[in-house]
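Treat the numbers as computed from the prediction; the structure is a model and nothing was measured.
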Amino acid sequence: MNMKAFVFPGQGAQFVGMGKDLYENSALAKELFEKANDILGYRITDIMFNGTDEDLRQTKVTQPAVFLHSVISALCMGDDFKPEMTAGHSLGEFSALVAAGALSFEDGLKLVYARAMAMQKACEAQPSTMAAIIALPDEKVEEICAQVSAEGEVCVAANYNCPGQIVISGKKAAVEEACERLKAAGAKRAILLNVSGPFHSGMLTGAGEKLGEVLSGVEVNAPRIPYVANVTAEYVTEAAPVKELLIRQVSSSVKWQQSVEAMLADGVDTFIEIGPGRTLTGFMRKINRSVKSLNVEKLEDIDKVIEALKEN
């Protein structure tokens, strides 16, 4: 059917030097990066291009950096190859909304920064973490998380990434306890992640409310093309539900596998991951290996992807 979806990564895919080739070789990219510096009130480009890994790992820097790399890369592709739909993993949902025309570039960046600041503050409030659980059925992961939570500590399934991989989130002690129980239940691996926050758990409900305060002053348009929301794994085609979905997303599970399956069911046969890293492409190989997966991470990738799309 030759249906394309643009998909956008979330936090964790950042790297030093991200976007520098775009800035140096594209007038449009340079203009947008400089506009971002003005909006944020500091030169995020200096950190992206020449900072340290530690600088980039700060949530308040990581989230706008990944958003900028993703959105500016998508805009540099031009108007010849527009997708039929779009989606983004966690933070990537904001990039998807800009690509779908529901948010302006400027408002998208302001919201991402507000979200990052609220999340970082919530993460600093108490020890918390996340862990990737490998090769255990979703239902078993949910069951053990519920058991741990029932004992008084928060631990939930946060990201449904692909078959055989769920990320759990919550208080540090609870996640560590859940990891031990999950390994005893047959998980191949339970890997603590290098994060300091309980992303996509109820512990971030307050951060979602803070984002809502900023969202109240932002105009959301009806998407020009459908996007798939993390919270529901369903298409959004109107402006009305967008703000509430973004508020809920901060403290709700990311239904990524289900989102991809919804797009596959509607005939998408080409997924183009735009932004740093190839995390979503890796997930795709485990969800459905028969579809085409392409990546745009650097300026040189844009021409390669356009040529590949012409062959479809």
Side-chain angles (χ1 to χ4, degrees), residues 4-11 28 31-32 35-36 38-41 44 59-60 62-75 77 79 82-119 122 199-200 204-256 258-260 262-263 266 268 272 274-275:
K4 303 178 293 297
F6 282 2
V7 293
F8 297 93
Q11 189 167 342
L28 172 62
E31 177 186 347
L32 292 171
K35 183 178 288 187
D38 291 340
I39 290 170
L40 294 172
I44 191 171
T59 295
K60 65 182 181 182
T62 305
Q63 293 196 18
V66 172
F67 169 85
L68 288 171
H69 188 186
S70 298
V71 171
I72 292 173
S73 296
L75 293 172
M77 289 186 70
D79 296 323
K82 290 299 183 184
E84 279 68 39
M85 57 195 69
T86 188
H89 189 286
S90 187
L91 161 68
E93 188 162 341
F94 290 82
S95 305
L97 282 161
V98 174
L103 287 175
S104 69
F105 170 81
E106 294 83 357
D107 284 341
L109 178 58
K110 290 173 186 176
L111 289 172
V112 164
Y113 188 61
R115 178 182 187 265
M117 294 297 287
M119 290 175 71
F199 302 141
H200 301 291
L204 289 186
T205 300
E209 292 169 352
K210 289 290 186 184
L211 175 63
E213 294 172 8
V214 181
L215 271 164
S216 65
V218 168
E219 181 180 0
V220 175
N221 304 308
R224 291 192 297 267
I225 57 174
Y227 88 95
V228 186
N230 284 185
V231 173
T232 62
E234 295 175 352
Y235 292 110
V236 178
T237 57
E238 299 177 354
V242 171
K243 291 184 179 182
E244 182 61 28
L245 286 168
L246 290 178
I247 293 169
R248 289 171 57 196
Q249 189 235 52
V250 177
S251 57
S252 299
S253 301
V254 173
K255 297 180 178 177
W256 185 252
Q258 298 90 328
S259 297
V260 171
M263 291 184 279
D266 272 351
V268 174
I272 304 162
I274 304 179

From [X] atom [atom1] to [Y] atom [atom2], the distance as rounded to the nearest 0.5 Å:
X      : Y      : atom1 : atom2 : answer
Lys4   : Lys82  : NZ    : NZ    : 11.0 Å
Ser216 : Leu211 : OG    : CG    : 10.0 Å
Ile225 : Tyr235 : CD1   : OH    : 11.0 Å
Phe8   : Ser73  : CZ    : OG    : 9.0 Å
Lys35  : Asp38  : NZ    : CG    : 9.5 Å
Leu68  : Ile39  : CG    : CD1   : 8.5 Å

Would you check if [X] and [Y] make a side-chain contact, meaning some heavy-atom pair closer than 4.5 Å?
X      : Y     : value
Phe94  : Val66 : no
Val268 : Met85 : yes
Arg115 : Leu91 : yes
Leu246 : Leu97 : yes

Worked verdict on Phe199 versus Gln11 for side-chain contact (heavy atoms from CB on, under 4.5 Å): CA-CA 10 Å; Phe199 302 141; Gln11 189 167 342; 4.2 Å; yes

With side-chain contact (heavy atoms from CB on, under 4.5 Å) as the test, would you mind laying out the steps for Lys210 and Val250 before giving the verdict? CA-CA 10 Å; Lys210 289 290 186 184; Val250 177; over 6 Å; no

Test Tyr113 against Val214 for side-chain contact (heavy atoms from CB on, under 4.5 Å), laying out the working first. CA-CA 10 Å; Tyr113 188 61; Val214 181; over 6 Å; no

Closest contact, heavy atoms only, [X] versus [Y]:
X      : Y      : answer
Ala262 : Ala233 : CB-O, 3.8 Å
Ala229 : Leu245 : CB-CD1, 3.9 Å
Ala122 : Leu204 : CB-CD2, 3.3 Å
Thr59  : Pro64  : O-CD, 4.1 Å
Pro223 : Ala102 : CG-CB, 4.1 Å
Ile274 : Ala74  : CG2-N, 3.7 Å

So, does [X] use its side chain to make a donor-acceptor pair with the main chain of [Y] at under 3.5 Å?
X      : Y      : answer
Gln249 : Val254 : no
His200 : Ser252 : yes
Asn230 : Gly88  : yes

List the steps, then state whether side-chain contact (heavy atoms from CB on, under 4.5 Å) holds for Val228 with Met263. CA-CA 8 Å; Val228 186; Met263 291 184 279; 3.8 Å; yes

Evaluate whether atom NZ of Lys243 has more than 12 neighbouring non-hydrogen atoms of other residues, nucleotides or ligands under 6.0 angstrom away. yes

